[in-house]
There are 2 protein chains.
Amino acid sequence: MPAFSRFTPLINALPATVPFVGPEAIERGRGLAVKARIGANENGFGPAPSAIEAMAVAARYTWKYADPENHDLRQALAEHLGCGADNIAIGEGIDSLLGMIVRLVINPGMPVVTSLGAYPTFNFHVAGHGGRLVTVPYVDDRENLDALMDAVRREDAPLVYFANPDNPMGSWWDADSIVAFAKALPETCLMILDEAYCETGPAGATPAISALIDRPNVIRTRTFSKAYGMAGSRVGYAISTPGTAGAFDKIRNHFGMNRIGVAAAIAALKDQAYLGEVIEKIRASRDRIAAIATANGLNPLPSATNFVAIDCGRDGAYARSIVDGLMEHGVFIRMPGVAPLNRCIRISTGLESDMKLLEEALPQVLKTLG
Amino acid sequence: MPAFSRFTPLINALPATVPFVGPEAIERGRGLAVKARIGANENGFGPAPSAIEAMAVAARYTWKYADPENHDLRQALAEHLGCGADNIAIGEGIDSLLGMIVRLVINPGMPVVTSLGAYPTFNFHVAGHGGRLVTVPYVDDRENLDALMDAVRREDAPLVYFANPDNPMGSWWDADSIVAFAKALPETCLMILDEAYCETGPAGATPAISALIDRPNVIRTRTFSKAYGMAGSRVGYAISTPGTAGAFDKIRNHFGMNRIGVAAAIAALKDQAYLGEVIEKIRASRDRIAAIATANGLNPLPSATNFVAIDCGRDGAYARSIVDGLMEHGVFIRMPGVAPLNRCIRISTGLESDMKLLEEALPQVLKTLG
């Protein structure tokens, strides 16, 4: 069927590819059922019961739009983080915030620096706004801060993306190195410090809020999708100076937040005891995944996230065959998209029932592959 | 506080104004409590109990992202509408879809045709992408189809926005006139036919789906926010040819939909009996609002929506003072933004308790104003 004939040249040039294929699409496409959903770095331990209760209460008020200023959530986050509410912008998940940041900064042809194999959805937004990706290889499965800085300077790039802890590798940098990087960055370059996984990292891996809060060229992005277990709620937030955080107001969908998600996020934030319990479960599950990998002759990498990257010791085709093979057993996992990261598979933490399915399926798949 | 120094020139030129101030912000700003929330065209009759139940069930699965293909909702809508699932794109409310449509079509400086005083959020998105608004006055409080067509041709505009039924005036055109307009439109102009309020219109006001489904340059937008009573759920959809509907995939947030909202929308769609009851309540409430207006010497305009525009017989300042005065009594309403529409106030349908508050407050406000 024909499409409208006058989309912008940029739109016409964009591919129809998507950053990620969802597990539901894999189920439909391959006629398989996902039994262990441990591929999208969701959190099967789920949100706090208090958050679920807040969702049920908020359901009665879904006839109302959410407060377009997100006042209560921003206040709650400010108190939790120790900053001002005007340091915070709310968005429909980090993905939405990333799209807006790219739009705020990038005109077609402008360079954007990121690591080769880092977050595909960020790259999707860069492409969507006509930006030119300048990529820097990982070193030792970690983003290369020095090379990122070199690329920013060489290209006079207005935007650099850096995730800590990192996805898809699970690696991390210490807070001091990150703060030093941010402070050394030209003020003409905006740093996205994506901290989607900050809650599950080790002590010392996340800079204090105060360390970067006065820097107009740093935006830290965080989410309720990972440790808080609410990926389906679509609540993310950005932390920056009031001036930079306020820029989102120029373009965001002011009535874009769903009311139940916002209410649940406020409740979840209050329940730090539950969050602490979940983080312990995630750490235990990381160990469990690592043990399963090791028992099968594979090499789990250290992880600061709610997933473990596992070096399978061969090329991307081999790792892909493991991913596909596990899916035959109903075990949904993913893998990095580019070499050399794609020698790995990536398995999200989950319930013991998920781990048992993985434990049973993995040796069978490896045996079949030989 | 300073902002990042290198936002795009377009971003720097955008105002910080927002399309609408929410009732919560009015409450905070003026130290008043909203008792009757009948200003944002929300639906106080609320979603179907079956939809609320679906929300409660879905709350247990918020640890999962929603299906990025929105398969089940698109299938359900396709069956309901009598078209293909590939004719449908899902978005986080019509607002989000409008933003994406503008982005698909408009480069800075390009003309966009709409009616003077029509949907401010659409204008917000046009400004946000650097489009140049070309506005056509309403005639007899209705959008002027002939003048819109003239403006499209004169400007060689790639985009025209038309709402039927209309917001903020509640007026409407018959289906035949709209279909004729769409068919006469140059194929180089994309028509947004915003049907946010289509469920509450009279028979014959909404074109059949089949009447426009083969036109690549028509996108119809609809929502679960109005008649379905789920504004806080943020579920809207667009209907077009598969080619045009598929263009959203190039730029949308594939994981942007909240899981509870999608589940609720599917449940709400199944419960057409409940929808029918609500529509009857909305119609009765329109009559009630009209009666209150008439009893106070004001002139209610005919409405095909879940609100009534009321001609207050003087200028915008007078209407504004009524809006502000009602808020002093806890009655939140709104009004059109530009002359001559702003001689009116706009009151959303609601529960009898809301109507009673309106009925009590309005004569007091008018008496004070003299």
Side-chain angles (χ1 to χ4, degrees), chain A residues 1-8 11 14 16 18 22 24-25 40 42-44 46-47 52 55-56 59 62-69 71 92 95-96 99 104-105 107 128 158 187-188 190 216-217 229-234 241-244 247 249-251 253-256 258-261, chain B residues 1-8 11 14 16 18 22 24-25 40 42-44 46-47 52 55-56 59 62-69 71 92 95-96 99 104-105 107 128 158 187-188 190 216-217 229-234 241-244 247 249-251 253-256 258-261:
Chain A
M1 287 284 283
F4 176 57
S5 60
R6 204 177 173 186
F7 290 131
T8 69
I11 294 296
L14 289 176
V18 298
E24 296 84 359
E42 297 161 329
N43 175 355
I52 293 178
M55 294 181 212
T62 42
W63 65 273
K64 302 181 186 181
Y65 289 105
D67 171 17
E69 297 183 355
H71 176 273
E92 305 92 336
D95 285 0
S96 168
L104 288 169
V105 176
N107 277 333
E187 65 178 25
T188 51
L190 182 68
N217 67 330
M230 291 164 40
S233 292
R234 306 288 61 218
T241 62
T244 296
D249 285 341
K250 293 184 171 187
I251 59 168
N253 275 316
H254 288 262
F255 290 83
N258 78 90
R259 193 174 180 96
I260 293 177
Chain B
M1 289 283 283
F4 177 57
S5 60
R6 203 178 174 186
F7 290 131
T8 67
I11 295 297
L14 289 176
V18 298
E24 297 84 0
E42 296 161 331
N43 175 357
I52 293 178
M55 295 181 211
T62 43
W63 66 272
K64 302 181 187 181
Y65 290 105
D67 171 16
E69 298 184 354
H71 176 272
E92 304 91 338
D95 285 0
S96 169
L104 288 170
V105 175
N107 277 334
E187 67 178 23
T188 51
L190 182 67
N217 67 329
M230 290 164 40
S233 291
R234 306 287 64 215
T241 62
T244 296
D249 285 342
K250 293 184 170 186
I251 60 169
N253 275 316
H254 288 263
F255 291 84
N258 79 89
R259 193 173 181 98
I260 293 177

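These numbers come from a predicted model, not from an experiment. Chain A is the first sequence line, chain B the second, and so forth, proteins listed ahead of strands; every chain is numbered from 1.
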Point to revise | Partner chain B: residue of A:D249, A:I52, A:L190 with the largest heavy-atom pair count (under 4.5 Å) | key: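 Sorted descending by pairs with chain B, the first entry is A:L190.
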Study note, to complete from the structure: The side chain to side chain contact (heavy atoms under 4.5 Å, CB included) partners of B:K250 (sequence neighbours excluded) come to A:I11, A:L14
Review point. Under the side chain to side chain contact (heavy atoms under 4.5 Å, CB included) test, which residues partner A:P68, sequence neighbours left out?
Key: A:H254, A:F255, B:E24
Given that the side chain runs from C-beta out, which part of [X] has a heavy atom under 4.5 Å from chain B: side chain, backbone, both or neither?
X: A:N43; result: backbone
X: A:N107; result: both
X: A:A56; result: neither

Point to revise | Exam field: side chain A:T244 to backbone A:T241, donor-acceptor pair closer than 3.5 Å | key: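 It does not hold such a pair.
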Exercise for review: Select, from B:A231, B:G44, B:G256, the one with the greatest count of heavy-atom pairs under 4.5 Å involving chain A.
Suggested key: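 Heavy-atom pair counts peak at B:A231.
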Point to revise | Choice from B:S233, B:A247, B:P158 maximising heavy atom contacts with chain A below 4.5 Å | key: B:P158
Point to revise | Residue B:N217 versus chain A: region with a heavy atom under 4.5 Å | key: both
Review point. Given B:Y65 and A:E42, is the side-chain contact (heavy atoms from CB on, under 4.5 Å) satisfied, shown in steps?
Key: CA-CA 7 Å; B:Y65 290 105; A:E42 297 161 329; 3.3 Å; yes
Check your understanding: side-chain contact (heavy atoms from CB on, under 4.5 Å) between A:R6 and B:V105: does it pass, once the steps are laid out?
Key -> CA-CA 7 Å; A:R6 204 177 173 186; B:V105 175; 5.8 Å; no
Check your understanding: Going through the distances and angles, do B:M55 and A:M55 end up as a side-chain contact (heavy atoms from CB on, under 4.5 Å)?
Key -> CA-CA 8 Å; B:M55 295 181 211; A:M55 294 181 212; over 6 Å; no
